[in-house]
Amino acid sequence: MDKRTIVSDPQILMGKPVVAGTRISVELILEKLAAGETIEQLLAAHPHLTREGVQAALRFAAEALRGDVIYPLADKTG
């Protein structure tokens, strides 16, 4: 992966990781895909976003979580 595809700049979205050359955050891409949008819908809604940018965002998120172990909290009400 070209590390320059996802960048972080304190002047853009308070330093959140974004697709280079856009203000489209990795977080936004993940949220929209998790909500059921397709990559095609994302690309149509954000003309400056490319398929490669979406794939880079997914790889970035996977790499960011690779070393972390996250367990959902158990429901303590039942």
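Keep in mind that what you see is a predicted model, and the values were worked out from it rather than measured. Both backbone and side-chain heavy atoms feed into the values below; hydrogens, waters and symmetry mates do not.
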**Message:** Using side-chain contact (heavy atoms from CB on, under 4.5 Å), reason through Leu28 and His46 one step at a time and then give a plain yes or no.
**Reply:** CA-CA 11 Å; Leu28 177 72; His46 303 279; 4.1 Å; yes
**Request:** Begin from the C-alpha positions of Glu40 and Arg51 and carry the test salt bridge (charged side-chain N to carboxylate O under 4.0 Å, His left out) through to its verdict.
**Result:** CA-CA 8 Å; Glu40 288 72 24; Arg51 184 171 298 278; 2.9 Å; yes
**Request:** Not counting sequence neighbours, list each pair that qualifies as a salt bridge (charged side-chain N to carboxylate O under 4.0 Å, His left out) and has a residue in residues 15-33.
**Result:**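 Residue pairs with at least one partner in residues 15-33: Lys16-Glu27, Lys32-Glu37.
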All side-chain contact (heavy atoms from CB on, under 4.5 Å) counterparts of [X], not counting sequence neighbours:
X     : answer
Gln11 : Asp9
Ser8  : none
Leu30 : Val26, Leu58, Ala61

**Asked** Judged by atom type as modelled, is there a donor-acceptor pair below 3.5 Å linking the side chain of Glu63 to the main-chain atoms of Phe60?
**Response** no
**Asked** Distance from Thr5 atom OG1 to Arg59 atom CZ, nearest 0.5 Å?
**Response** 7.0 Å
**Message:** If I take atom CG from residue Leu49 and atom CD1 from residue Ile24, how far apart are they, to the nearest 0.5 angstrom?
**Reply:** 4.5 Å
Exercise: identify the closest heavy-atom pair between [X] and [Y]:
X     : Y     : result
Leu33 : Val54 : CD1-CG1, 4.2 Å
Ala57 : Ile29 : CB-CD1, 3.7 Å
Val7  : Ala20 : CG2-CA, 3.9 Å
Thr22 : Val18 : O-CG2, 3.7 Å

